[in-house]
Trainee: 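Take this structure first; my questions come after.
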2 protein chains.
Amino acid sequence: MKNISDIAKLAGVSKSTVSRYLNDGSVSKKTRLKLSKIINEHDYQPNQFAQSLRATQTHLIGAIIPRMNSYAVDETIKGIVSQCHQHHYQLLLNYTGLQIEAEIDAIETLSRSKVDAIILMATDITESHLEVIDKADVPIIIVGQNYPGLHSITHDDYQAGLSVGNWIGQRQPHHVHFFSVTENDIAVGIHRKNGLLDGLASHQIKPSIFETSFKYENALEDVQQYLSQIDKVDVLVGATDAIALAIHKYSFNSERNCKPTIIHGFGGDPMTQIVSPSIRTIQFNYFEAGKRAMTEVRQLIKNEKTEESVVIPVKL
Amino acid sequence: MKNISDIAKLAGVSKSTVSRYLNDGSVSKKTRLKLSKIINEHDYQPNQFAQSLRATQTHLIGAIIPRMNSYAVDETIKGIVSQCHQHHYQLLLNYTGLQIEAEIDAIETLSRSKVDAIILMATDITESHLEVIDKADVPIIIVGQNYPGLHSITHDDYQAGLSVGNWIGQRQPHHVHFFSVTENDIAVGIHRKNGLLDGLASHQIKPSIFETSFKYENALEDVQQYLSQIDKVDVLVGATDAIALAIHKYSFNSERNCKPTIIHGFGGDPMTQIVSPSIRTIQFNYFEAGKRAMTEVRQLIKNEKTEESVVIPVKL
DNA sequence: CTGTTAGCGCATTCAA
DNA sequence: TTGAATGCGCTAACAG
């Protein structure tokens, strides 16, 4: 692989001229043309490591994702990527497979890799998270959860819940059951639930609530166990689309004859439209959240102050 | 951030001793203890860029993925990640959103980033691919497709097709329809199809074949148009699980009364089990393919010769 | 507009 | 076992 000196020699100029040509551009037309030609001929590419070694910026953004085959993650990353392209950042993806420890590791590794910033799509912020985040002297932004003292992008879960609650309430159902998740997850387990309850309450409806898991398989078991004891259902709501899909699976099982008129989820996962009958869901602006994460990140890199917590409105 | 000289000074030794401590280890016990302590105290981490600048290896593997919310991609990446961890490689993921041009770009960017190797999960190898691959002096391995002259990991699509064909044949169905894809995709469009046809043929069954798209939305339209003209269906086969899901969606639409007894897909996507009635599918060893890709890659990096084309057997 | 020089942080000679 | 010196490829002062 050729380096800058080779090009300089070939062009009969000094390294600095080549460097200047590559960066500022304060170079005479003649040499510019000459260099342009030579660089193309040899398709020379400056060595990123040498560049990064000198510069403080690496133009690398690290993103930590808990899983991959998820509509939410996919859309968010798309949003991030779109901005990366535009601003010439490279995205360094780090996949954790939903394991907390891997998340911590990833933060360390990425900050060692001198990424300019880290975008963390976390499910849950633990003590260990805070420790590493504190140590790593890299701007970090959390997407999907917020935490006092950390920069974050979240969706308006309360609003989403409220909207769904109202929509359901208007239909005057008698038997509403809500499958929620742990309150450890502030966004989903608390805000979303509260929104839903308030929405329903404004129509004098009080659903029964049952707590289950984020994981489809576990949710399926729970739903099965719970619903087998219930004989009247009008509306079944899952706190996430995955849970709604589990509800659907059990409800439209051939053995089961008490079927709900409506199943509702949260998230806008296309899968809700693939099953029959389809599941009603509410769209979050994942793509927008990804884009916004990048603009925040760029602010942070430039050391400009930004709002600590950004809330993305839901699609209504 | 501290650097190697800082540590050296603090320990009262020279930089080279610190470096040696970090690498070989030919250091006296005394200084080793001293260094160990100091390095921990200041949680010093050697600068990766400086290391990479000197070394030829960067311990970076680039992976190019066409999309994210896909079971196949997810599982394959899991396999890759598992090996990366074990051998201390960092994975640099590059997401292309199914766009050929982005794929080409990614290859260039990654080779500029001096990754030690590239794993490409391609859908289709075009002329442009070959050009960049040729130029980039980085070992590249293709997962999911093979191409003469390129290293690749593929699944045994013919075997999968054959197995499915036999399974279906044993049930002696009368009306079998197969929704295939373009023959540009050698693996799916040709091998998988041929396997299926041969398997069915051994039971004297000749299905009608219709070519559709990989994309769910397009497949749904095609399926709709095609099936609306057909009044007898026993078994409907999609060349991929996504296509099978489209078939399912249309077939179990309430308006439709001619329903198939079996829908069959390829890939083992969990979604096939979530819909009701569930879709039969066949598992590919995606995880294994990912792992294998890494072992091949490591061979290539070491410049050891490997088989050009590795075929992963399907799960039967 | 251009060249010389120095240094980013590290690993590796070569002597001691 | 240790230290001094050198260079990986690049950019930024500085001087011309």
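Numbers restart at 1 for each chain; the letters A, B, ... are given by sequence-line order, proteins then strands.
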Trainee: Taking atom C1' of dC1(C) as reference, at what distance in whole Å does atom CG of Asn23(A) sit?
Mentor: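 The distance from CG of Asn23(A) to C1' of dC1(C) comes to 16 Å, rounded to the nearest Å.
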Trainee: Any sub-3.5 Å donor-acceptor pair from Ser52(A)'s side-chain atoms to Gln48(A)'s backbone N or O?
Mentor: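 Yes, the answer is positive, given that a donor and an acceptor are paired below the 3.5 Å cut-off.
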Trainee: For the backbone of Asn285(B) and the side chain of Glu75(B), can you confirm whether one donor and one acceptor N or O come within less than 3.5 Å of each other?
Mentor: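 Not at all, since once roles are kept as given, no pair shorter than 3.5 Å links the two residues.
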Trainee: Categorize Thr31(B) for me: base, sugar-phosphate, or nothing, with a 4.0 angstrom heavy-atom threshold over every strand shown.
Mentor: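 Thr31(B): backbone/sugar contact only, no base atoms under 4.0 Å.
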Trainee: Is there a donor-acceptor contact under 3.5 Å linking the side chains of Gln90(A) and Ser113(B)?
Mentor: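 Note: Gln90(A) and Ser113(B) side chains meet the donor-acceptor criterion.
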Trainee: Counting side-chain heavy atoms from C-beta on, which of dT11(D), dT1(D), dA11(C) comes nearest to Ile4(A)?
Mentor: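 That would be dT11(D).
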Trainee: Under a plain distance cut-off of 3.5 Å, with no hydrogens placed, do Ser16(B) and Ser19(B) share a side-chain donor-acceptor pair?
Mentor: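 No, no side-chain donor-acceptor pair sits under 3.5 Å.
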Trainee: Nearest whole angstrom, please: distance from the P of dG3(C) to the NZ of Lys15(A).
Mentor: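 Nearest whole value for this atom pair: 13 Å.
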Trainee: How long is the line joining NZ of Lys2(A) and P of dC10(D), in whole Å?
Mentor: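 Those two atoms, NZ and P, are 12 Å apart.
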Trainee: Which part of the nucleic acid, if any, lies within contact of Tyr44(A), taking any heavy atom under 4.0 Å across all strands shown: a base, the sugar-phosphate backbone alone, or nothing?
Mentor: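 Answer is sugar-phosphate: Tyr44(A) comes under 4.0 Å of backbone atoms only.
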Trainee: Expressed in angstrom and rounded to an integer, what is the separation of Leu22(A) atom CG from dG9(D) atom P?
Mentor: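 After rounding, the gap between these two atoms is 15 Å.
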Trainee: Nearest of dC10(C), dA13(D), dC8(C) to any side-chain atom of Arg54(A)?
Mentor: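 Looking only at side-chain atoms, Arg54(A) lies closest to dC8(C).
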Trainee: To the side chain of Pro46(A), which of dG3(C), dA11(C), dC10(D) is closest?
Mentor: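 Of the candidates, dC10(D) comes closest.
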Trainee: Of the candidate nucleotides dA11(C), dC10(D), dT2(C), which contains the atom at the shortest distance from the side chain of Asn47(A)?
Mentor: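 Among dA11(C), dC10(D), dT2(C), the one nearest the side chain of Asn47(A) is dC10(D).
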Trainee: Go through dG9(D), dT2(D), dT2(C) for me and flag the one nearest to the Asn3(A) side chain.
Mentor: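 Among the listed nucleotides, the one closest to the side chain of Asn3(A) is dG9(D).
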Trainee: Donor-acceptor pair, distance only, cut-off 3.5 Å: does the side chain of Asp116(B) make one with the backbone of His59(B)?
Mentor: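 At least one qualifying donor-acceptor pair exists.
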Trainee: Do Ser19(B) and dT12(C) have a side chain to base donor-acceptor pair shorter than 3.5 Å?
Mentor: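 Such a pair does not exist between side chain and base.
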Trainee: Ignoring hydrogens and geometry, is there a side-chain-to-backbone donor-acceptor pair from Thr154(B) to Gly144(B) under 3.5 Å?
Mentor: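 It does not hold such a pair.
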Trainee: Which of the following nucleotides, dC10(D), dA13(D), dC10(C), is nearest to the side chain of Arg20(A)?
Mentor: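 Of dC10(D), dA13(D), dC10(C), dA13(D) is nearest to the side chain of Arg20(A).
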Trainee: Looking at Arg292(A) and Glu296(A), is there a salt bridge between them, counting it only when a charged N and a carboxylate O are closer than 4.0 Å?
Mentor: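 Yes, this pair counts.
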Trainee: For dT2(D), does either OP1 or OP2 sit under 4.0 Å from a side-chain N or O belonging to Ser28(B)?
Mentor: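 For dT2(D), OP1 or OP2 has a side-chain N or O of Ser28(B) closer than 4.0 Å.
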Trainee: Just the rounded figure in Å: distance from P of dG3(C) to NZ of Lys9(A).
Mentor: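 Rounding to the nearest Å, NZ of Lys9(A) and P of dG3(C) are 14 Å apart.
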Trainee: From dT2(D), dG9(D), dG3(C), pick the nucleotide closest to the side chain of Val13(A)?
Mentor: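 The answer is dG3(C), which lies nearest to the side chain.
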Trainee: Are side-chain N/O atoms of Asp124(A) and Gln145(A) paired as donor and acceptor at under 3.5 Å?
Mentor: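 There is no such pair between these side chains.
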Trainee: Between dA4(D) and Ser16(B), counting only base atoms on the nucleotide and side-chain atoms on the residue, is there a donor-acceptor pair under 3.5 Å?
Mentor: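 Looking at the base of dA4(D), it does pair with a donor or acceptor on the side chain of Ser16(B) (distance under 3.5 Å).
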Trainee: Does a side-chain N or O of Ser14(B) approach OP1 or OP2 of dA4(D) to a distance below 4.0 Å, or not?
Mentor: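 Checking dA4(D) against Ser14(B), no side-chain N or O comes under 4.0 Å of OP1 or OP2.
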Trainee: For the helix from dC1(C)-dG16(D) to dA16(C)-dT1(D), what angle lies between the axis at the first five pairs and the axis at the last five pairs, to 10 degrees?
Mentor: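 It works out to 40° between the end axes.
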Trainee: When you measure from the side chain of Leu53(B), which nucleotide among dC10(D), dG9(C), dA4(D) comes out closest?
Mentor: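 My answer, after comparing the listed nucleotides, is dG9(C).
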